[in-house]
Amino acid sequence: MEIGVLALQGDFIEHYKVLQSLGVAARIVKLPAQLEGLDGLIIPGGESTTIGKLAVAYDLMGPLREFGRQKAIWGTCAGAIFLSKDAQRDQPLLNLMEIEVERNAFGRQVDSFEIDLSVPFLEDGGDVPYHAVFIRAPIISRVFGQAEVLLDLPDGRIVAAQQGKLLATSFHPELTSDARFHQYFLELAA
Amino acid sequence: MEQQVATFNVKKGLAQMLKGGVIMDVVTVDHAKIAEDAGAVAVMALERVPADIRADGGVARMSDPELIMKIMESVSIPVMAKCRIGHFVEAQILEAIGVDYIDESEVLTPADESHHIFKHDFKVPFVCGCRNLGEALRRIGEGAAMIRTKGEAGTGDVVEAVRHARTVLGEIRKLQNMPEDELMTFAKEIGAPYALVKETRELGRMPVVNFAAGGIATPADAALMMQLGVDGVFVGSGIFKSGDPAKRANAIVKATTHYNDPAILAEVSRNLGEPMVGRQISSIPEGELIAQRGW
């Protein structure tokens, strides 16, 4: 199995290192031809406007949409926004996941936070809390069609969703040493 | 399930999200929108770009909060703003208006000639300049969550940015090849906290994100700094002092992503119009060099 990490901008090296630590072949993707033969793709955290504009400029929008119709894609934070159908403003989106997101939903940087969450579908998820890092994070304000809510905060705000092999998280599993979310994604990609 | 805000993790985490990107100096709402449209990952809101601060002389202070707030309202990307070295009240004001990052910057006139701000006390993260590893680790010790090599702001001459990046990255390489019993003396010599020296050696890199700044004016300059090994670039006067800011800004964004692809660098470098005029650093009297500010 080989997983790509979209490396237009953002914390792609962090994802790349987690994949390597799990013994999974990983590939940096900046241009369409580099998607060839991959089993899955991670779109990292970063600035969603920057990632979207670069994806348009280098003709990645079509190939990424095509990839996402067959293979697994996981977007973290900016990546989740990029996967969505609606970010409530004018910016390039892949329109792959039937979710609507609200950018910077928790406020500005001073409102960024960390929290332990119970995530039952992860390995040992019932017993060992998952430490989630939210940075100028979006929330998933609505899921529709084939998309399903995967995880919400105690106040009910949705922070993870899944649609077949497509996965979106508001937070950054790549910023912690806990690889359980990456393992969950690898099962989708397999 | 307690929610924790303003941890060092989330402070340095925002800088991690900016990696591979370009942070642009802007002095108006229109500039900020041009920067965002060109693909900037963040903007630095200020009243004058460094080239003008240099030309005008006088005391350079924090910008009017009104201007910064208007820029914050106009873009969706993070907004940074500068305070003077050691001026913790300017920093308190910037935190109160909710900027996403504070640059405790040598580009402004220092308010304290011995001390920098104790940055751990703030909820908002800080970026600070450095010329070498010791200076970088002292700033991180004070709480900086992001570092930028200083270069020489407002010149359009990349030579100091290269010198500072090579110095920092060279010192890290030296540190990695050093036997452990030499670490304490190395820490003493560079004036850095021992624990951070040890951490840097273990990580094989700076413990926080490290951008380049000061003199970057072309896509090739940006790619040069990226190939040397920094995580991203600040472009100050280089964009809005050039002939076609939107086009140049977009080209520098593309060059920062595709820094290792000469064919793309050639493509984006074509027909950019006039670059900023610039000023050769070797022609500047030593007393006027901004990078020397910082202790």
Side-chain angles (χ1 to χ4, degrees), chain A residues 6-14 28 30-31 44-58 76-78 81 87-92 103-104 106-118 129-138 153-155 171-172 174-176, chain B residues 1-23 35-42 72 75-80 94-102 122-125 145 205 209 231-232 250-251 253-254 256-261 263-264 267-268:
Chain A
L6 190 67
L8 296 173
Q9 188 274 321
D11 69 337
F12 49 87
I13 295 295
E14 283 78 349
I28 291 291
K30 294 190 183 194
L31 295 169
E47 276 306 315
S48 62
T49 53
T50 304
I51 292 170
K53 284 168 206 291
L54 285 163
V56 170
Y58 290 95
T76 59
C77 194
I81 296 167
Q88 298 163 29
R89 70 191 291 286
D90 183 25
Q91 68 181 79
R103 289 183 58 197
N104 305 331
F106 297 93
R108 302 197 73 93
Q109 170 60 15
V110 290
D111 306 302
S112 292
F113 64 97
E114 307 180 54
I115 190 170
D116 279 339
L117 297 174
S118 171
Y130 186 81
H131 190 71
V133 182
F134 293 79
I135 295 175
R136 281 174 52 96
L153 293 177
D155 64 11
F171 48 92
H172 295 281
E174 72 279 17
L175 293 187
T176 65
Chain B
M1 285 191 273
E2 195 71 11
Q3 183 171 315
Q4 299 168 284
V5 296
T7 59
F8 198 63
N9 235 353
V10 301
K11 289 178 174 177
K12 73 175 188 186
L14 177 55
Q16 286 172 274
M17 298 312 139
L18 303 176
K19 287 196 299 180
V22 184
I23 301 170
E36 183 175 46
D37 284 344
V41 288
M72 286 165 59
V75 293
S76 66
I77 56 179
V79 176
M80 301 183 167
L94 293 175
E95 179 173 79
I97 63 173
V99 300
D100 296 298
Y101 243 91
I102 296 176
F122 288 78
K123 285 201 293 184
V124 59
R205 58 155 294 139
V209 165
D231 296 318
N250 188 253
V253 168
K254 289 174 176 168
T256 303
T257 292
H258 296 286
Y259 64 90
N260 255 336
D261 190 330
I264 291 181
E267 178 60 33
V268 303

Checklist entry - Do NZ/NE/NH1/NH2 and the carboxylate oxygens of B/Glu36 and A/Arg89 come within less than 4.0 Å? => result yes
Checklist entry - Can you tell me how far CG of A/Asp116 sits from CD of B/Gln4, rounded to the nearest 0.5 angstrom? => result 7.5 Å
Checklist outcome for this item: Ranking B/Val124, B/Leu18, B/Ile77, B/Val79 by heavy-atom pairs under 4.5 Å to chain A gives rank one to B/Ile77
Checklist entry - So do the side chains of B/Lys254 and A/Tyr58 get within less than 4.5 Å of each other, counting heavy atoms only? => result yes
Checklist outcome for this item: Heavy-atom nearest pair, B/Val5 first then A/Val110, reads CB-O, 4.2 Å
Next on the checklist: For a 4.5 angstrom cut-off between non-hydrogen side-chain atoms, does A/Leu175 reach B/Met17?
Outcome noted: yes
Next on the checklist: If I compare all heavy atoms of B/Gly20 with all of A/Gln9, which pair ends up nearest, and what's the gap?
Outcome noted: O-CG, 3.6 Å
Checklist outcome for this item: In short, B/Lys19 meets A/Asp11 closest at the heavy-atom pair CE-CA, 4.3 Å
Checklist entry - Looking only at heavy atoms, what is the nearest atom pair of A/Glu114 and B/Val10, with distance? => result CG-CG1, 3.6 Å
Item to check | Part of A/Ala78 within contact of chain B (heavy atom distance under 4.5 Å) | outcome: neither
Item to check | Heavy-atom contact with chain B under 4.5 Å, split by part of A/Lys30 | outcome: both
Checklist entry - Is there side-chain contact between A/Gln109 and B/Pro78, with at least one heavy-atom pair below 4.5 Å? => result no
Checklist entry - Where does B/Asn250 contact chain A at under 4.5 Å (heavy atoms): side chain, backbone, both or neither? => result neither
Checklist entry - Looking at A/His172, A/Glu14, A/Glu174, which one forms a side chain to side chain donor-acceptor pair (under 3.5 Å) with B/Gln16? => result A/Glu14
Checklist entry - Given a strict heavy-atom distance threshold of 4.5 Å, which part of B/Ala40 is in contact with chain A: side chain, backbone, both, or neither? => result backbone
Checklist entry - Which bit of B/Val209 is near chain A, if near means a heavy-atom gap under 4.5 Å: side chain, backbone, both or neither? => result neither
Checklist entry - CG/A/Leu8 to NE2/B/His258 distance, rounded to the nearest 0.5 angstrom? => result 6.0 Å
Next on the checklist: For B/Val268, which atoms come within 4.5 Å of any heavy atom of chain A: side chain, backbone, both, or neither?
Outcome noted: side chain
Item to check | Minimal non-hydrogen separation, B/Val41 against A/Glu47, with atom names | outcome: O-CG, 3.2 Å
Checklist entry - Does the distance from a Lys or Arg side-chain N to an Asp or Glu carboxylate O, for B/Asp100 and A/Arg108, drop under 4.0 Å? => result yes
Next on the checklist: Quick check on the interface: out of B/Gly232, B/Ser76, B/Gly98, who has the most heavy-atom pairs with chain A under 4.5 Å?
Outcome noted: B/Ser76
Next on the checklist: Is A/Leu54 in contact with chain B via its backbone, its side chain, both, or neither, using a 4.5 Å heavy-atom distance?
Outcome noted: side chain
Checklist entry - Looking at A/Leu153, A/Thr176, A/Thr49, A/Leu31, which makes the most heavy-atom pairs under 4.5 Å with chain B? => result A/Leu31
Item to check | Least distance between heavy atoms, B/Leu14 atom then A/Arg136 atom | outcome: CD1-CD, 3.9 Å
